[in-house]
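Read through the structure below, which is laid out as structure tokens, and then see the notes.
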Amino acid sequence: MSRPERPVLVVIAHGSRDPRHAATVHALVRRVRAQRPGLRVETGFLDFNVPSVQGVLNSLAAEGVRDVVALPLLLTRAFHAKSDIPAVLREAPSRLRVRQAEVLGPSPSLTAALERRLYEAGLTPADKSSTGVVLASAGSTDPEAIAVIAEIAREWRHTGWCAVRPAFASASLPRTEDAVRELRALGCERVAVAPYVLAPGFLPDRIARGAAGADVLADVLGPAPEVARVLLDRYDEARMPSLQAIGA
């Protein structure tokens, strides 16, 4: 008896006018494919880039695909995950059974990816106790998303850093530069900024400008292997039959 086909994974990215954004998304998707050969992975964008999410879903339906896991390439559950993406998925062709996966964060693997980026930027594990870290996210007006970032910072502090402070590039306070100054005033020997963002763009650039007074600025998470593993974990969770399908 043949095994049932695995659902196609459709990675849903926000999109950006900055070409670095799409290039990073595609690099991450390539890493996901390399980690799980045989899994079909497609990419759709909500805005600015092609193909659109709707275009990808229409093409899959036209090919005869029946099952899709739609995975938001997002770190927190805010407006896009709660409103934009479900609205797009409700417009999917009726022949498709679409399950929306959870967003990527929070996850210990993402925290490990943040540390990887800091070490790549020049820190070592021996620097942890004397280094204050700014956990710099894009920002949101959603209280749940803000609370999640604050909790990640609290938990990360317990792994040995001098201090960890959350910061936001938009919508919320403090800004990156304010958190850098706070860690200086706290007496941390050095200050590092860890962007909790997936790809370059307007807001990550704002984080970088805010990090001017820091000693270390890490790169965005991008196609880190830990990010790819979390993405596959969310796919596996979503394809379980206990989850309710959208439009089934």
Side-chain angles (χ1 to χ4, degrees), residues 7-36 39-63 65 67-105 110 113 137-142 145 169-171 195-207 219-224 227-235 238-239 245-247:
V8 174
L9 171 56
V10 176
V11 175
I12 301 179
H14 183 274
S16 172
R17 292 186 179 90
D18 189 322
R20 297 173 298 167
H21 175 89
T24 303
V25 170
H26 291 311
L28 174 59
V29 168
R30 286 194 296 273
R31 188 176 286 275
V32 170
R33 291 183 180 126
Q35 287 193 11
R36 187 159 306 174
L39 173 62
R40 181 172 178 182
V41 187
E42 302 290 344
T43 308
F45 295 90
L46 291 174
D47 208 351
F48 302 116
N49 302 106
V50 293
S52 68
V53 177
Q54 192 64 53
V56 170
L57 297 175
N58 289 342
S59 295
L60 291 172
E63 289 180 31
V65 171
D67 289 298
V68 168
V69 168
L71 193 150
L73 200 59
L74 301 168
L75 295 172
T76 58
R77 274 182 50 78
F79 180 77
H80 292 304
K82 295 178 179 179
S83 181
D84 277 1
I85 291 174
V88 170
L89 297 182
R90 283 193 292 270
E91 299 300 317
S94 58
R95 67 169 289 118
L96 284 180
R97 185 170 73 149
V98 182
R99 297 183 181 97
Q100 180 176 332
E102 287 295 331
V103 298
L104 301 182
L110 294 178
S137 75
S140 174
T141 57
D142 188 300
S170 69
Y196 190 58
V197 293
L198 287 165
F202 176 75
L203 293 178
D205 284 349
R206 181 179 288 178
I207 290 172
D219 199 359
V220 299
L221 293 172
V227 178
R229 283 198 292 272
V230 173
L231 202 151
L232 287 168
D233 287 343
R234 297 292 181 256
Y235 168 81
R239 59 188 288 232
I246 297 173

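These numbers were taken from a predicted model, which means no experiment stands behind them.
Residue R17 qualifies as open at atom CZ: its count of foreign heavy atoms under 6.0 Å is 12 or below.
Sorted by first and then second residue, the side-chain hydrogen bond (donor to acceptor under 3.5 Å, both in side chains) pairs involving residues 22-31 (not counting sequence neighbours) form an empty list. Every pair passing salt bridge (Lys or Arg N to Asp or Glu O under 4.0 Å) that includes a residue from residues 67-76 is listed here, sequence neighbours excluded: D67-R97.
Applying the salt bridge (charged side-chain N to carboxylate O under 4.0 Å, His left out) test to D47 and every residue at least two apart in sequence or in another chain returns nothing. Not counting sequence neighbours, D219 has no partner by the side chain to side chain donor-acceptor pair (under 3.5 Å) test. With sequence neighbours excluded, the residues that form a side chain to side chain donor-acceptor pair (under 3.5 Å) with R20 are D18, D205. Annotation: side chain to side chain donor-acceptor pair (under 3.5 Å) contacts of R36 (sequence neighbours excluded): D236.
The shortest distance between side-chain heavy atoms of V56 and V68 does not fall below 4.5 Å. Annotation: side chain of Y196 is in contact with side chain of L221 (closest heavy-atom distance under 4.5 Å). Between I12 and V88 the shortest side-chain heavy-atom distance does not fall below 4.5 Å. Counting heavy atoms from C-beta on, the side chains of Y235 and L39 come closer than 4.5 Å. Counting only heavy atoms from C-beta outward, the side chains of L110 and V227 approach each other to under 4.5 Å. Within the 4.5 Å cutoff, no side-chain heavy atoms of L198 are placed close to those of V25.
No donor-acceptor pair under 3.5 Å is formed between the side chain of R40 and the backbone N or O of V8. The closest donor-acceptor contact from the side chain of R234 to the backbone of A101 lies at 3.5 Å or more, if one exists at all. In this structure, the side chain of S170 engages the main chain of A138 through a donor-acceptor pair within 3.5 Å. Remark: the backbone N or O of S16 is paired with a side-chain donor or acceptor of N49 at under 3.5 angstrom.
Between E102 and R77, the shortest heavy-atom contact is OE1-CD, 3.6 Å. When all heavy atoms of R239 and P7 are compared, the closest pair comes out as NE-CD, 3.8 Å. In terms of heavy atoms, A199 sits closest to P204 at O-CG, 3.2 Å. Pairing each heavy atom of R206 with each of A169, the nearest pair is NH1-O, 2.7 Å. Counting all heavy atoms, side chain and backbone alike, R99 lies closest to A238 at CD-O, 2.8 Å.
A distance of 6.5 Å separates CD1 of I207 from OG of S137, quoted to the nearest 0.5 Å. A distance of 10.0 Å separates CG in L104 from CG in D233, rounded to the nearest 0.5 Å. Note that OG1 of T43 is 8.5 Å distant from CG of L73, once rounded to the nearest 0.5 Å. Atom OG1 of T76 and atom NZ of K82 lie 8.5 Å apart (nearest 0.5 Å). The distance from atom CG of L71 to atom CG of L231, rounded to the nearest 0.5 Å, is 4.5 Å. Note that CG of L28 is 10.5 Å distant from CZ of R33, once rounded to the nearest 0.5 Å.
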